[in-house]
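Residue numbers start from 1 in every chain, and the chains themselves are labelled A, B, ... in the order their sequence lines are given, proteins ahead of strands.
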Amino acid sequence: MKLTRSGLLRFLLIGLLIVELAAVRDAVRWQRRPRPRTIDLQALDRATAGDMQRLWRTAFDDGGGDDWQRLAECYAVYGYFPEALETCRRARSMLRSGDQLQPWRSLYWEGLILDRLGRPRNAIEVFGESLKVAPPSQRPTLWHLVGRNRLRLEDAHEAEVAFEQAGDLQVSRYERARLMVRTGRPREAMPILDKLLSEDRDFYQVHHLKARAAEAIGEQSVAATHDLLAQQTSRGLPTDPVVEHLLAAADRFGFWGRLADARQMFQGRDLAGAIDGLRQLIGKDPHPAAVRLLSNALLEMGRFGEAREMLGRLHGQAAMGPLDWLMTGDVLERLGPQHRDAAIAAWERSSRLRPTEAVRARLLRVGRPVPP
Amino acid sequence: MTEANSTGPVPDPVSSPGSWRLSWLTTLLLVLVVVVPLAAWAIVPALPGPSPGAPLEIGSVLTGTDDPGWRLETVIAAKRSWITNVQVVDLDGDGVNEILACDAGENRIVVCRRNERSWSVETLAEDLLAPAHAELVDLDGDSDRDLVVSLLGNIQPDDGAVGQVVWLERTKTGFRRHLLLDGVRRVADVRCGDLDGDGDQDLVVAVFGYARGEVLWLENDGQQSFTSHRLLNAPGAIHVPLADFDGDGDLDIVTVVSQDEEEVWGFENLGEGQGTARFHARRLWFTHNHDLGSAGLVPTDFDGDGDLDLLLPTGDNFEYRYTYPQPYHGCLLIRNDGNWTWTVEPLADLGGTYAAAVGEMGIVLVSMFNAWHHHDAASVVLIPPPAGGARTGGRRVSRVISTRPSHLATVDCGDLDGDGRDDIVVGSLHVSPPFNRSTALAVFINRTDSRGANSSRGGSR
């Protein structure tokens, strides 16, 4: 059959129309693609707002599970739990090939978010789902989180079962012992506490709990010994993994991330890098932690005028504590003899608040009386 | 004439040189090829996005609107403040109430007086590192009112020996400062009373600490020299109110512990014995939920049966950088059933509750750790007294008084404008943003029509 020119044209037009309609379909889909929840960026500092906007745009433009999950985690660590919950759930439905997101990890985050949202029952369910697909190395933590949420529901028995499932996790064993002491079974708690102390004698909570258990079973001398040890030991067992996790995760995003970077630079003596980074964090309403670190970095760099100006910004933003006044005195002293009296006044203020060795030494050096 | 009616072979319009007449189909296709992208270009961007689906799960956020019956007055304005305690007191004994406030942001104690149209703020003492509570008492028996102040030494978590108890002795020109207790961890509260019946004022001290802490009673030798006795070894004691809880005529002590454990303890004054042996310690209540966030302890005769019950505000979330209301936040009633037996029941819900106070209009709760991103999250609520003085317990429906200021850590009730009705004073402790409805210290002047029946008043945070 011979195709006439007219037929050929129609054929081409139909082909073109099909291509156009497909493009329109894609455009409509694009237009109606899932849109992550937005939050009021005006309420945030510049660094955090910028990060959130970028993560939102990435997730919205062509985001897969990883991008949505990252946005959910950012929302969560900055306290936007309702938005984080929805975004986290959506992340699992957006998974595509090449995404790194593992379902157990997304479920773990959803559990944390539900925990903070005040939904312990739902959190337990979701941690349970996560347990089904989590690698063995993650299961103790998940069981611990189940136990913690059982406690929040005052379900002591189920909590104890969950902590037992967490196996060797130190904090879970501690929680089990704590439950035993609290529910009138101090003798059962003793071997667990002894084992914990044999592994690490430096956790004050364990000594404190052993003192309580010993007191409950009438072993007063043991109680007294561990009371004393509780006073003398210096380390704490991290007992709230949710707090720990959220604090650590915050260092990946926004203000807290930049501050952590700057702190690292400061500790690594990259003072110029720290100052540059911190300058970007100081807006109209700077966070005292950023102001303090920047003042310190400027002082160490010998930029005393800028350090003084920065310390001045602490007023009205935070309580001026003894260390702030000490630093103010140090900065003023280095600005020259004309600021000597002001420096001494700042040190005296520091001393009145808390007479530390550092401020005593400075006051002695300039011949001022120091409190006993 | 249509093509169908024409006769003879239909000429191919395209193949006919010089003739570009198109068939209707071709024309239609051409039109569509042009119109479809144009229409898409115009319409698609205007298409609505997908429906947001289910509303956001916002959890236990109590929302409301500001009650016009309470007029908000700013006493100290600030975007960030650390007011740790407010009390309505008659500091100078002239029959007019003032506000006594501990300002840990400025490390000072202030008194605020209401003038005709404004408030004046006077600093009574400064360079007090993170004051948490000030007790108005005649400590040395010279018939004037001194202040005994508990100093945290650091409002942030700190396990060092940074706490102090300071006596501000009233003089003709101001206050003379004496250090009564030093070398202890953070001190959250100090209360005064004659615990050993020798006629002088002894002290009870809540050493909150952080990882470690204790409750002490300090025995006065009559010359304001004190001997310390430990009543409890536990971190996180917040308040140590004194009262005769068992009706035997002497002062007993209660405290709430909020760090490793969430417990309420009672220390019965036995009326005899020395030091620690003078008191019998009992754990009155505990919960397995160590996320509860006990935030204070306020004695009041809630049920009007002649003995003192306890209000336990719950909602402390200091450990979290960004907080959110939990379903168990609010206020618990610990009812005194006599003979050191107590029953506990939930009284009201309010996310992030940090303090409670009792006024003639009922119990006022304030929220510090709320979802302040929600513009209508409640910051002050009122639990009206039970109707007809009913003594039944159970969870009450609270009334929102206001949604601002936010981040309220402390509250007290008392008549501040001289109209004989209790007003409300609140103080803010700003930890995490947003700070877009901030005030350091504010007062709600009572302009409501109703007066509550329950006029019993207890302590305050």
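With a 4.5 angstrom heavy-atom cutoff, A:Q42 does not touch chain B via any of its atoms. There is no contact between B:R108 and chain A, counting heavy-atom distances below 4.5 Å. Only the backbone of B:P325 comes within less than 4.5 Å of a heavy atom in chain A; its side chain stays farther off. For B:N317, the part lying near chain A is the side chain, with the backbone staying farther off; criterion is any non-hydrogen pair under 4.5 Å. Only the side chain of A:E175 has a heavy atom closer than 4.5 Å to any heavy atom of chain B. The contact between B:L128 and chain A is made entirely by backbone atoms, counting heavy-atom distances below 4.5 Å. With a 4.5 Å cut-off on non-hydrogen atoms, B:N436 does not touch chain A at all. Neither the backbone nor the side chain of A:T356 comes within contact range of chain B, judged by heavy atoms closer than 4.5 Å. Of the two parts of A:D40, neither the backbone nor the side chain holds a non-hydrogen atom closer than 4.5 Å to a non-hydrogen atom of chain B. Using a 4.5 Å cut-off between heavy atoms, A:F11 does not touch chain B at all. Contact of A:Y78 with chain B is made through backbone and side chain together, with heavy-atom distances under 4.5 Å.
Look at B:D291 and A:R116 and you find a salt bridge, because one of the NZ, NE, NH1 or NH2 atoms lies within 4.0 Å of a carboxylate O, short of that distance.
Annotation for A:G79 and B:Y324: closest pair O-CD1, 4.3 Å, computed over non-hydrogen atoms.
For A:D26, there are no side chain to side chain donor-acceptor pair (under 3.5 Å) partners at least two apart in sequence or on another chain. A:Y75 meets the ring-ring contact (aromatic ring centres under 6.0 Å, His included) test with no other residue; sequence neighbours excluded.
Inter-residue side-chain proximity for A:N122 and B:E57 is flagged as unmet; no heavy-atom pair is nearer than 4.5 Å. Within the 4.5 Å cutoff, no side-chain heavy atoms of A:R178 are placed close to those of B:H288. When side chains are defined from C-beta on, B:H290 counts as touching A:R182, because their heavy atoms get closer than 4.5 Å. Considering only heavy atoms from C-beta on, B:H373 stays 4.5 Å or farther from A:I39 through its side chain.
The CG atom of B:L56 sits 13.0 Å away from the OH atom of A:Y80 when rounded to the nearest 0.5 Å. The CD atom of B:E126 sits 9.5 Å away from the CG atom of A:L353 when rounded to the nearest 0.5 Å. If you take CZ on B:F286 and OG1 on A:T183, they are separated by 7.5 Å, rounding to the nearest 0.5 Å. We find the CD1-OG1 distance between A:I14 and B:T26 to be 9.0 Å, quoted to the nearest 0.5 Å. Taken from CG in B:L25 to CG in A:L9, the straight-line distance is 10.0 Å, to the nearest 0.5 Å.
Annotation: maximal heavy-atom pairing with chain A below 4.5 Å, among B:P235, B:A39, B:S432, B:P45, occurs at B:P45. Looking only at heavy-atom pairs under 4.5 Å with chain B, the residue among A:L44, A:N149, A:V77, A:D45 that has the most is A:V77. Among B:I58, B:V61, B:N233, the residue with the largest count of heavy-atom pairs under 4.5 Å with chain A is B:N233. Of the listed residues (A:R33, A:Q231, A:H208), the one with the most heavy-atom contacts under 4.5 Å to chain B is A:Q231. Looking only at heavy-atom pairs under 4.5 Å with chain A, the residue among B:L30, B:L29, B:D127 that has the most is B:D127. Contacts with chain B were tallied for A:A230, A:A211, A:A43; A:A230 has the most, counting heavy-atom pairs under 4.5 Å. With respect to chain A, the highest number of heavy-atom pairs below 4.5 Å among B:V44, B:V33, B:L47 belongs to B:V33. Contact tally against chain A (heavy-atom pairs below 4.5 Å) for B:P434, B:S81, B:A211: the top residue is B:A211.
Under 3.5 Å, the side chains of B:Q164 and A:R354 contain no donor-acceptor pair of N or O atoms.
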Requested in this report: Please assess B:R80 against A:H287 for the test side-chain contact (heavy atoms from CB on, under 4.5 Å), listing each intermediate value before the final yes or no.
Outcome: CA-CA 10 Å; B:R80 287 187 198 204; A:H287 193 286; 4.3 Å; yes
**Report entry** Worked verdict on A:E154 versus B:Y328 for side-chain contact (heavy atoms from CB on, under 4.5 Å)
**Finding:** CA-CA 11 Å; A:E154 308 225 27; B:Y328 38 76; over 6 Å; no
Requested in this report: Determine, step by step, whether A:R212 and B:E261 satisfy the side-chain contact (heavy atoms from CB on, under 4.5 Å) criterion, reporting the C-alpha distance in whole Å, the side-chain angles of both residues, the deciding distance to 0.1 Å, and the verdict.
Outcome: CA-CA 12 Å; A:R212 270 206 168 190; B:E261 303 286 340; 3.9 Å; yes
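Within a 6.0 Å radius of CH2 in A:W30, other residues, nucleotides and ligands contribute more than 12 heavy atoms.
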Which pairs would a plain distance check flag for residues 239-247 of chain A, meaning a side-chain donor or acceptor within less than 3.5 Å of a matching protein atom at least two apart in sequence or in another chain?
residue, atom, partner, partner atom, Å
A:D240, OD1, A:R148, NH1, 3.1
A:D240, OD1, A:V242, N, 3.1
A:D240, OD1, A:V243, N, 3.4
A:D240, OD2, A:R148, NH1, 3.1
A:D240, OD2, B:Y320, OH, 3.3
A:H245, ND1, A:Y108, OH, 2.9

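With hydrogens and angles ignored, the 3.5 Å screen pairs a side-chain donor or acceptor of B:N107 with a backbone N or O of A:M320.
For a heavy-atom cut-off of 4.5 Å, chain B lies close to A:L16, A:L17, A:E20, A:L21 in residues 15-22 of chain A.
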